[in-house]
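The block underneath contains the structure these notes are about, expressed in structure tokens.
All values below were derived from every heavy atom in this structure, side-chain atoms included, with hydrogens, water molecules and symmetry-related copies excluded. Below, chains carry the letters A, B, ... as their sequence lines are ordered, and counting in each starts from 1.
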Amino acid sequence: MSFLTPLYLFGIIAVGLPILLHLVRHQPKNVFHFSSLRFLEHKPPQTNRKNKIEHWLLLSLRALAVILLVAAFARPFFKNRDLELTTTQPPNQTILLIDTSASMQRQPLWEQALTKANEIARQTTPEEVAIYTFDTRLKAIKPLRQAKGARVSGSLERNQSLLADLSPGWQATDLGAALTELASLLQEQAVSDPTGSLLRNTTIELITDFQAGSRTAALSQFSWPEELRVQLHELKSEQPGNAGLQLLTLDAESQPTVRIVNAADSEQEQFTLAYESLPGQTEESQQVYVPRGQSRVIRLAALDQAAPVPQIVLSGDQQEFDNRLFLQPPTRASLTVVHYGTPADNSIESANYFARRAFPSTRQREIDFQTIGPDSPPLLLSATDIHLMLISRQLAPDETAQVQRYLEQGGVVLFTLHDDTTTESLNQLVTPAENASQRIKTGTPEINGYALLTDINFEHPLFQIFQAPEFSDFTRLKFWNYRSLKLPEQIPHQVLARFDHQSPAILELKRETGTLLVMTFGWTPQESQFALSTKFVPMLNAILALNDRALDAPAQFTIGQKVKLTAAEQTRQIRTPNRSVIQLASGQQEFAETIQPGLYQVQSESKPAPGRQFAVNLDINESQTEPLAQEKLEALGVRFTDASASTTDKTSPADLHRQAQLRELEQKQQLWRWLIIVALALLGLETVLAKWMAGKSSATGKA
Amino acid sequence: MSTNASPRRNQRLISQRIDPACLMRIKSLELRAKTVVEGTWKGLHRSPYHGFSVEFTEYREYTPGDDPRHIDWKLAARSNEHYIKRFEEETNLCCHMLLDLSSSMQFQSLGYSKSDYAKTLVATFAYFLSQQRDASGLIIFDEQVETVIPARFTRGQLRRILVELERPPQGSHTNLVSPLKHAVETIKKRGLVVLISDLLSPIDELSTHLGYLRAQGHEVALFQILDPSEIHLNFHETAIFEDLETGEQIALNPKAAQENYQRQFNEHQAAIESLCRKQGVHYHQLTTDTPLEMGLSEFLTDRAA
């Protein structure tokens, strides 16, 4: 039998206690309070020390119970064949975690980082080195060993060449995410190792400028492994301090608002802000005073819209990497609305009169409203990018085909029913001509005075803007006239609103990728109050917004941000700031390769004309280059190695491993539980025996 | 002295006495005193309501400067002459009681402590004296003088004394010198000084101060209150004995220590008795199982003698 904690066996001395108690008894216990001890001579009473043991059985029971308790504390276990103690040393690992964020572009941080990394690589066995870099994401350059046996072939030269290939990027620093991800990887790797020695023998060599702008939030959600240690190699720039630029807004007047952030350890406080159209040629320069550790917001002069868009440059700051802002003014969207209606100018009896005024051109958009009357020349659908079609009259057959084609391309069409002729057009649009049973039927319902809207689906994008209680009142909107509509069941549709007679008022029919909205009423004052109500313009514009091609595309991004691409149907390519071209897949909705600051241009293969442009700038957090306090990470649970502790910690990993195995074996057997149970049973027996003996002796005493 | 009272007389008294244990069960001190004075003791002695203090002596013609309160107005009405009615002094006795309430008085073996007994004794005296229109005063002491009620024969005096007696005991060492010194310095009018204590503290300086009191013309009586266990040390068990006053502890087998104790105790008692004899002090030893009226009657008998 062996013991896990044999030092507890010294407790066996406690066996003497019951023997001593057994022998020494009858010390006076009672205390008498007496008025005065003046007349009493101090005569110590005779203590009844017994020199012989009366109750051998009781004594041995007590002693045995003590022995068993002591043995239980010493955690005994039997060594058996299961235990194969490995004497081989568990493998060591060194992980080089190198910061490649934008702030590492400062001189001479990157040289320092490479020197330090090479130095560590030289001191360590090449097989034991893993190399990772991080900015916003963790990137494996030379990954960890995945399995115990598998060894990644490696040599010092290879490691050094891998390190030499690295260079700092433009991304922000997410130190917390990198550390947690790496720690999770190591924990996964150490899952099969119960001793935890693998984690203990792993050191993360963190090489970073440790700047205050690093994100550490991920660590607060993560429980850092107790055994895992991080060795911090903090790099220091020769010139401390830095100022950075952040674009807050670039409004419709093309007037940028900029925030200047000055790091707390800066020496400079006076800066100059200017536009730069051509390299070295600055305009509109402006002096800005920013105290160290603070920030200022400056509104610059409006850009000249005719001239090429300049960059904003900050001068007076020694660290160049974040002193430039790229601008892309928001483009004025050009939208086309086509109305198949009756062109009757200035007549408030015509639907066109109100529809034209519902889509005014603004600074953000330019609306081209085209009214196609029955006698108008046919529309060239292919040449025009139409964003919304309105139909308020009977369509000619070729027009029906056009609308159908437009719907197939993903367009949005609003159809208003006025009379039986428009019903016929709707039938042609929606139902196949040959099947008479599936035809749409309309009629003129009897209306007592007026009809109102009910059952409005406020969840639909059409009504979402009216969701708030102050806008959701539709009871003032009266309809004098509408068409009762009955759609065949085969046609899938959704009723967005009904009249109070339960007849559908607004329906949505999905046609492949397109949307067909049907209103069973007209909006002219003869038919309803709709065109004159406050709901009319917002609702028609909401219908225009259903077409995602009509939405504004943002033009300013930060590094690493995903850019949502609008029309996904055509193959495009993106020209990056360094003039290389990235080809996008046909179905790709997002562009995530925003890895360097500058202007990106989306080019369509079908359209050679200059496409959409967007600007990408640095994350402002990268400009906060003052050093981060190590205690901040320690408070989040990260354990750093002390120079003194590291040597003692690694002295006997084999012993630790062996001890862990012994502990595991002992936990399997759990003999201590049995020992405690037996000890308790013995004590119970002793109590019963002692009581019985006491009763017996008192009985004899009385007798 | 009084311990040597005639056995027959004691016999008679004992038969009609109240058991002190029963008496101590009465919560109110006043009621206890009343029980002792007016209960069994009544009839065995002259009625206390016919004291000496109301004896008429003479009439004297009023002279300016006399207190007009003392003019006999009835006589003035009849004879149109002003006479002053003179009595003998209203109080013929001024009694000061010095009560020891030190920690050693807290000792008890009968269910009530020596201090309880002593308090009842004081209350009894005070009640008796108030019945007789005599002035009574009280000095309570332990290590120092704690409470002083100057001797008066006013109506509230008994109440004041009883209130002081019913205060919870503070308790510390006994120091007999300071109350006696206080009595010597403050009691100007000749009268009776009664010292009630267990006298278990050193008595070295007691003689001097009792001598001073006697020299001032006071009549001094000393009541030693003892618990029966203190006289005989009748404990049977080996135990740790703790001194109530000093907190000192000794482990003791009482049987072994009894002989020595008895000898030393008797020596101490003898020393007290001889001291009292020498100074002309009435000495009474009362154990707490002795009926209280006995103490009172012995005292009165002794005084009358």
Side-chain angles (χ1 to χ4, degrees), chain A residues 13-63 66 686-703, chain B residues 100 102-109 113-115 171 173-174 197-203 224-269 271 288:
Chain A
I13 299 165
V15 172
L17 210 64
I19 299 173
L20 210 68
L21 290 177
H22 198 90
L23 288 175
V24 181
R25 296 185 308 178
H26 297 299
Q27 281 282 10
K29 277 178 247 163
N30 294 347
V31 177
F32 285 138
H33 294 280
F34 197 60
S35 40
S36 177
L37 301 182
R38 286 187 64 223
F39 312 119
L40 287 169
E41 209 173 313
H42 182 54
K43 269 191 180 175
Q46 285 178 355
T47 48
N48 298 344
R49 180 180 284 275
K50 296 195 173 182
N51 290 327
K52 64 173 186 177
I53 291 164
E54 281 180 359
H55 304 297
W56 275 104
L57 186 60
L58 284 185
L59 180 66
S60 52
L61 281 177
R62 285 168 193 166
V66 171
E686 186 270 339
T687 312
V688 173
L689 262 179
K691 205 173 176 185
W692 179 70
M693 280 182 178
K696 204 177 158 190
S697 63
S698 68
T700 51
K702 274 176 196 169
Chain B
D100 174 12
S102 63
S103 302
S104 64
M105 290 291 282
Q106 303 296 326
F107 177 71
Q108 56 178 354
S109 68
S113 63
K114 290 192 284 182
S115 65
H173 304 189
T174 319
S197 170
D198 54 4
L199 290 177
L200 289 178
S201 54
I203 52 161
Q224 192 184 19
I225 312 291
L226 289 172
D227 195 279
S229 312
E230 287 173 334
I231 298 174
H232 305 295
L233 195 74
N234 48 359
F235 295 97
H236 307 291
E237 239 180 294
T238 300
I240 292 167
F241 282 70
E242 187 178 316
D243 192 315
L244 274 169
E245 293 199 349
T246 60
E248 186 192 344
Q249 286 190 337
I250 52 170
L252 193 77
N253 181 3
K255 280 185 185 152
Q258 194 169 24
E259 196 185 330
N260 187 36
Y261 177 84
Q262 208 73 60
R263 189 168 48 77
Q264 288 200 36
F265 183 77
N266 289 344
E267 276 172 18
H268 179 74
Q269 291 298 105
T288 50

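For the options Asp243(B), Asp227(B), Thr246(B), heavy-atom pairs under 4.5 Å to chain A are most numerous at Asp243(B).
In this structure, chain A has a heavy atom under 4.5 Å from the backbone of Ser201(B), while its side chain stays farther away.
When all heavy atoms are compared, the tightest approach of Gln249(B) to Val31(A) is NE2-CG1, 4.2 Å. When every heavy atom of Glu248(B) is checked against every heavy atom of Leu37(A), the shortest pair comes out as O-CD1, 3.5 Å.
Aromatic ring orientation, Phe265(B) versus Phe39(A): perpendicular (interplanar angle above 60°, classes split at 30° and 60°).
Atom CZ in Phe34(A) sits 10.0 Å away from atom CD1 in Ile250(B) (nearest 0.5 Å).
Heavy atoms of other residues, nucleotides or ligands lying less than 6.0 angstrom from CD of Glu267(B) number more than 12.
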